[in-house]
**Student:** 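Sharing a structure, written as structure tokens. Questions coming.
Both counts, for ligands and for their atoms, begin at 1 and track the order of listing. Keep in mind that what you see is a predicted model, and the values were worked out from it rather than measured.
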Amino acid sequence: MYWDPAVETLNPDRLRALQRERLRETVSRAGQSPFYREHLAQAGVSEAELNSLDDVRRLPFTTKDDLRSRGREMLTVPWDRLVRLHASSGTTGQATVIYYTRRDVEEWADLVARCLFMAGLRPGDVFQNMMGYGLFTGGLGFHYGAERLGALTIPAGAGNSRRQVQLMRDHAATAVHIIPSYALYLLNTFAEMGVDPRDLPLRLAFIGAEPHSEDMRRRIEAAWGLKAFNSYGLSEMNGPGVAFECPEQNGMHVWEDAFLLEVIDPASGEPAPPGVVGELVFTNLTREGMPLLRYRTRDLASVDDAPCPCGRFHRRLSRIQGRTDDMIIIKGVNIFPLQIDKVLMSLPEVHTNYLVELTRKDFNDIMLVKVEVRENFFKEDLKYLTGLRKRLTEALKSELLVTPAVELVEPDTLPTTEGKAVRIIDRRE
Ligand code: COA
Ligand code: AMP
Ligand code: ZN
């Protein structure tokens, strides 16, 4: 029933004691990096002064901007000890990069294996991983975790819907990792191919990477004929394997032996009580190469510290309720409005304004970008305009990693708005 019984069933007192010990070790380790040496000195705190878990509040926060501008200065090991990197969100100097040592990769795999075992995956299962491989953490993170557990793993990757169905059918998949909106979208492909997923031996789905409702989970479970478990993680904390649902499906257990969780009021930075929605802040407790202190995720959720019937005392997270910044998630890919702005404003043909509309058709996210073209480029030459539209599409795709539909419009015809976020209209459910 438990992958790591000793750790998973630690009682709250012992779990807190373990966290205290690991917090000190982490702060000591982080202090070896140029970035944290400087920040800990500024805050005037060292590991010796951390007597209780509440003392974590004396440590400085770490933000995505810190990672963008000074990520490499957070390394605590020599360069030749690193074996992997992953990056999130875009290329225009905006990507956040996380580096892993061999031990980090192994510990991460172990955490993911713990999640999968908890939800019911076992050796003998056939696990099809439909998340993006490459720089996304969802693909390789689950891949290593499932192999660690001993499941037969199909590295299907994202996209190519007919092939996904074919693979599930041909290899009698029993478990899948899939983005929830894509799980519903794929039902069309199943229908086109005359396959009913309920006739396949599928038992488990692990769904995450984007916000979704309880209603959506129940729809996936009914249509696919399986149990679906919510999976939460972020690249900055390895990737998946931070919090995961147990068979009770009553919130996601945060692995508190590996992550110290705080929920704060995003405006004041003060702690939010259990049950109250706030921003999630995590401190790595076991990471070797790049331990982060008090990383501000910008994700909003609440925590439930009531005991869970499954016997695990690791506290449970609610569904993610939103963000405190303007990041949007399309087809499981994180996008910041600034990225769109940078691409468009760097092109001489683009006039001053653009508008992004997000909709969902058959559960597939659609991103329509309406772009004003400067007068002298807006010719009645269809070939030229088709070429321009293609170039804009390519430029946006290369930055965002999803393909938008681009519509060219005449200058000064779009409503003028203030702020980049307002240029994005999200009409998805
Ligand atoms: N997951 C997997 N496949 C998806 C998807 C999703 N969320 N959304 C769409 N697709 C499928 C499409 O159905 C299409 O396949 P099909 O034509 O055979 O049906 C194929 O991917 C390409 O879709 P399209 O919309 O034309 O391409 P795009 O360039 O906009 O997007 C994706 C490309 C889907 C590959 C890209 O968005 C992606 O990698 N998404 C997954 C991200 C991920 O794994 N996130 C986890 C982060 S930890
Ligand atoms: P990435 O760093 O690319 O892995 O993206 C991480 C982000 O995806 C998180 O900060 C969340 O905003 C979002 N996310 C991941 N898992 C979930 C989930 N289960 N529910 C809602 N949002 C999620
Ligand atoms: Zn539980």
Side-chain angles (χ1 to χ4, degrees), residues 1-2 8 64 86-90 95-96 98 118-119 129-142 156-165 177-186 188-189 192 206-213 216-217 229-240 242-253 280 282 295-301 304 306-325 327-335 362-367 393 396-398 400-405:
M1 183 179 170
Y2 303 110
E8 289 175 57
K64 210 173 182 89
H86 282 282
S88 174
S89 322
T96 43
I98 298 295
M118 172 167 73
N129 191 7
M130 301 187 222
M131 287 282 165
Y133 275 65
L135 290 174
F136 296 116
T137 52
L140 283 173
F142 264 70
N160 212 338
S161 304
R162 291 181 79 86
R163 186 141 183 270
Q164 299 284 7
V165 172
H177 179 207
I178 189 164
I179 292 173
S181 56
Y182 189 58
L184 291 173
Y185 170 81
L186 212 53
N188 308 315
T189 313
E192 276 164 33
F206 313 116
I207 54 175
E210 69 179 8
H212 56 283
S213 61
M216 202 154 160
R217 182 235 295 274
F229 296 89
N230 196 358
S231 155
Y232 170 78
L234 62 160
S235 311
E236 294 84 350
M237 292 290 123
N238 300 338
V242 176
F244 213 87
E245 281 183 329
C246 72
E248 302 290 329
Q249 295 184 315
N250 58 359
M252 300 177 280
H253 287 285
L280 304 179
F282 288 105
Y295 179 69
R296 292 195 62 157
T297 64
R298 305 294 210 133
D299 286 325
L300 291 167
D304 184 348
C308 181
C310 78
R312 294 174 185 85
F313 292 101
H314 299 250
R315 290 177 300 161
R316 284 164 293 133
L317 277 189
S318 69
R319 288 182 182 285
I320 304 300
Q321 318 269 316
R323 301 265 312 168
T324 66
D325 62 6
M327 185 184 98
I328 46 175
I329 304 182
I330 299 171
K331 300 177 199 172
V333 181
N334 302 347
I335 293 175
D362 296 333
F363 301 102
N364 197 13
D365 286 341
I366 297 173
M367 180 181 191
T393 308
L396 286 165
K397 179 179 183 183
S398 144
L400 308 177
L401 309 176
V402 293
T403 315

**Student:** Using distance alone, determine whether Ser161 and ligand 1 share an N or O pair under 3.5 Å.
**Tutor:**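 In this structure, Ser161 places an N or O atom under 3.5 Å from an N or O of ligand 1.
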
**Student:** Atoms of ligand 1 less than 4.0 Å from Gly138 heavy atoms?
**Tutor:** 48 (S)

**Student:** Considering only heavy atoms, which of Asp299, Leu234, Leu317 lies nearest to atom 10 (O) of ligand 2?
**Tutor:** Asp299

**Student:** Of the choices Asn364, Leu400, Asn160, Ile330, which has the non-hydrogen atom that lies closest to atom 14 (C) of ligand 1?
**Tutor:**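 Looking at heavy atoms only, the winner is Asn160.
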
**Student:** Considering only heavy atoms of Thr137, which atoms of ligand 1 have at least one such atom less than 4.0 Å away?
**Tutor:** 48 (S)

**Student:** Does Pro240 approach ligand 2 within less than 4.0 angstrom via side chain, backbone, both or neither, non-hydrogen atoms only?
**Tutor:** neither

**Student:** Of the backbone atoms (N, CA, C, O) and the side-chain heavy atoms from C-beta on, which set of Thr297 has a member under 4.0 Å from an atom of ligand 2: side chain, backbone, both, or neither?
**Tutor:** neither

**Student:** Out of Ala243, Gly322, Ser235, whose heavy atom sits nearest atom 4 (O) of ligand 2?
**Tutor:**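 Looking at heavy atoms only, Ser235 sits closest to atom 4 (O) of ligand 2.
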
**Student:** Short check: is a protein heavy atom less than 4.0 Å from atom 45 (N) of ligand 1?
**Tutor:** yes

**Student:** For atom 17 (O) of ligand 1, is some protein heavy-atom partner under 4.0 Å away?
**Tutor:** no

**Student:** One thing to verify: whether Arg315 and Asp304 come together as a salt bridge, which I'm taking to mean a side-chain N less than 4.0 angstrom from a carboxylate O.
**Tutor:** no

**Student:** Do any nitrogen or oxygen atoms of Gly159 lie less than 3.5 angstrom from nitrogen or oxygen atoms of ligand 1?
**Tutor:** yes

**Student:** I'd like to know if atom 22 (C) of ligand 1 has any protein heavy atom within a distance of less than 4.0 Å.
**Tutor:**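 It does not: no protein heavy atom is found less than 4.0 Å away from atom 22 (C) of ligand 1.
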
**Student:** Just distances here: any N/O of Gly132 and N/O of ligand 1 closer than 3.5 Å?
**Tutor:**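 Between Gly132 and ligand 1 (N or O atoms, distance only) the closest approach is under 3.5 Å.
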
**Student:** Using a strict 4.0 Å threshold on nitrogen-to-oxygen distance, state whether Asp365 and Lys331 make a salt bridge.
**Tutor:**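 No.
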
**Student:** Quick check: does Ala209 get an N/O under 3.5 Å from an N/O on ligand 2?
**Tutor:**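 Checking ligand 2 against Ala209, an N or O pair does fall under 3.5 Å apart.
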
**Student:** Once rounded to 10°, what is the value of the angle centred on the Zn ion (ligand 3) between Cys308 SG and His253 NE2?
**Tutor:**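 Approximately 110° at the metal, rounded to tens of degrees.
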
**Student:** Does ligand 1 come near enough to Lys331 that some N or O of the ligand is less than 3.5 Å from an N or O of the residue?
**Tutor:** yes

**Student:** Report, in ascending order of atom number, the atoms of ligand 1 lying under 4.0 Å from any heavy atom of Met131.
**Tutor:**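 Once the distances to Met131 are compared, the set is 44 (O), 46 (C).
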
**Student:** Give the atom numbers and elements of ligand 1 that come within less than 4.0 Å of a heavy atom of Tyr185.
**Tutor:** 13 (O), 19 (O)

**Student:** Give yes or no for whether the N/O distance cutoff of 3.5 Å, strictly under, is met between Gly332 and ligand 1.
**Tutor:** yes

**Student:** Quick one: do the Glu210 and Ser181 side chains pair a donor with an acceptor below 3.5 Å?
**Tutor:** yes

**Student:** Once rounded to 10°, what is the value of the angle centred on the Zn ion (ligand 3) between Cys246 SG and Cys310 SG?
**Tutor:** 120°

**Student:** Has Asp325 got a side-chain atom pairing as donor or acceptor with Met327's backbone, closer than 3.5 angstrom?
**Tutor:**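 Looks like yes, one N/O pair under 3.5 Å.
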
**Student:** Would Ser231 count as being in polar contact with ligand 2, using the rule that some N or O on each side must be under 3.5 angstrom apart?
**Tutor:**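 Yes, Ser231 has an N/O under 3.5 Å of an N/O on ligand 2.
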
**Student:** Ligand 2 versus Glu210, non-hydrogen atoms closer than 4.0 Å: side chain, backbone, both, neither?
**Tutor:** backbone

**Student:** At less than 4.0 angstrom from any non-hydrogen atom of Thr403, what atoms of ligand 1 do you find?
**Tutor:**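 Counting from 1, the qualifying ligand atoms are 28 (P), 29 (O), 30 (O).
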
**Student:** Quick one: does Arg163 get a heavy atom under 4.0 Å from ligand 1?
**Tutor:** no

**Student:** Under 4.0 Å from a heavy atom of Lys397: give me the atoms of ligand 1 that qualify, with their elements.
**Tutor:**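 The atoms of ligand 1 under 4.0 Å from a heavy atom of Lys397 are 29 (O).
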
